[in-house]
Amino acid sequence: LESIITVADLEKPAAEPVTYEDWFRENATNAGEFKLTHYCCEAREHICGTGDGITATGVPVTPYWTCAVDPSVIPYGAEVMIDYGDLVEFWKAQDCGGSIKSNHLDLAVETHAEALEKGVTSAVVYWLEVNHEFD
């Protein structure tokens with residue numbers, strides 16, 4: 001049978017497309033305001049880490065994707081959305097660190113100079129548990 005479309009149906013406004021960011025906000029846990037710091041992926045031992053390039057979950061650290069979390073706040077493997085207000089970024093909870101406690105994320109960037117340049121900021125963080133490994 002064919003569908004019957006009425007004039008009333010044609011006059012309804014089209015639904016606004018839902019962005020991934022909007023969908024994420026609707027379905028994720030709003031963890032609140034977080035302190036954001038940065039660490040580098042340089043393959044040498046220094047203040048940013050051991051230099052071996054392996055995260056706490058056993059996967060290689062990936063700049064602009066891997067973030068270190070307090071796993072009692074955000075579980076390993078969760079997708080993380082950082083909402084700066086005028087910019088949204090997506091990260092993956094793959095690492096932790098001794099100073100990463102409570103509402104604090106440490107974001108992996110390429111170089112030590114970039115980590116220092118980005119400094120310390122804050123933003124609203126959402127997280128969503130996903131059904132696959134820590135990639």
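Starting from 1, each residue takes its place in the sequence as its number.
- A 4.5 Å side-chain heavy-atom check between Tyr84 and Thr121 finds at least one atom pair inside the cut-off.
- What you find for Trp127 and Ala28 is that their closest heavy atoms are O-CB, 3.2 Å.
- Not one N or O on the side chain of His38 forms a donor-acceptor pair closer than 3.5 Å with the backbone of Leu116.
- Ile74 and Val69 make their closest contact through O-CG2, 3.3 Å (heavy atoms, listed as atom of the first residue, atom of the second, distance).
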Under the criterion side-chain contact (heavy atoms from CB on, under 4.5 Å), I'd like the reasoning laid out for Lys92 against Thr66: C-alpha separation, chi angles, the key distance, then a yes or no.
CA-CA 5 Å; Lys92 186 74 163 188; Thr66 298; 6.0 Å; no
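- Remark: side-chain polar atoms of Asp22 are not paired, donor with acceptor, to backbone N or O of Val18 under 3.5 angstrom.
- Between Trp65 and Phe90, the shortest heavy-atom contact is CE3-O, 3.9 Å.
- Residues Tyr39 and Ile100 are not in side-chain contact: their nearest non-hydrogen atoms beyond the backbone lie 4.5 Å or more apart.
- Using modelled atom types and a 3.5 Å distance limit, the side chains of Thr57 and Gln94 yield no donor-acceptor pair.
- Linking Ile, Leu, Val, Met, Phe, Trp and Tyr residues whenever their side-chain heavy atoms come within less than 4.5 Å leaves Val120 and Ile82 in two separate clusters.
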Begin with the C-alpha distance, continue with both residues' side-chain angles, and end with the deciding distance and a verdict on side-chain contact (heavy atoms from CB on, under 4.5 Å) for Phe34 and Val124.
CA-CA 6 Å; Phe34 271 61; Val124 176; over 6 Å; no
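- If you check the side chains of Asp106 and Thr37, you find a donor sitting under 3.5 Å from an acceptor.
- Taking hydrophobic clusters as Ile, Leu, Val, Met, Phe, Trp and Tyr residues chained together by side-chain heavy-atom distances below 4.5 Å, Leu87 shares a cluster with Leu105.
- In this structure, Leu36 and Ser122 approach most closely via the heavy-atom pair CD1-C, 4.2 Å.
- Grouping the Ile, Leu, Val, Met, Phe, Trp and Tyr side chains by contacts below 4.5 angstrom, directly or via other members, places Met81 apart from Val125.
- Taking all atoms of both residues into account, the shortest heavy-atom contact from Pro75 to Ala93 is O-CB, 3.5 Å.
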Give the intermediate values and the outcome of side-chain contact (heavy atoms from CB on, under 4.5 Å) for residues Val59 and Tyr76.
CA-CA 11 Å; Val59 298; Tyr76 287 138; over 6 Å; no
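- Side chains of Arg25 and Asp83 form a contact here, defined as non-hydrogen atoms less than 4.5 Å apart.
- At most 12 heavy atoms of other shown residues, nucleotides or ligands fall within 6.0 angstrom of atom CD in Glu26.
- Under the side-chain hydrogen bond (donor to acceptor under 3.5 Å, both in side chains) criterion, Asn103 pairs with no residue at all, not counting sequence neighbours.
- Separation of atoms CD (Glu114) and SG (Cys41) is listed at 9.0 Å; rounding is to 0.5 Å.
- Expressed to the nearest 0.5 Å, how far SG of Cys67 lies from NE2 of His104 amounts to 10.5 Å.
- Residues satisfying the side-chain hydrogen bond (donor to acceptor under 3.5 Å, both in side chains) criterion with Glu110, sequence neighbours excluded, are absent altogether.
- In the hydrophobic clustering of ILVMFWY residues, with side-chain heavy atoms under 4.5 Å counting as a link, Leu107 and Val88 come out apart.
- A tilted orientation is assigned to the rings of Trp91 and Tyr64, their planes being inclined by 30° to 60°.
- Panel note: side chain Asp95, backbone Ala68; no donor-acceptor pair is recorded below 3.5 Å.
- Side-chain contact check for Tyr126 versus Val80: every heavy-atom pair is 4.5 Å or farther apart.
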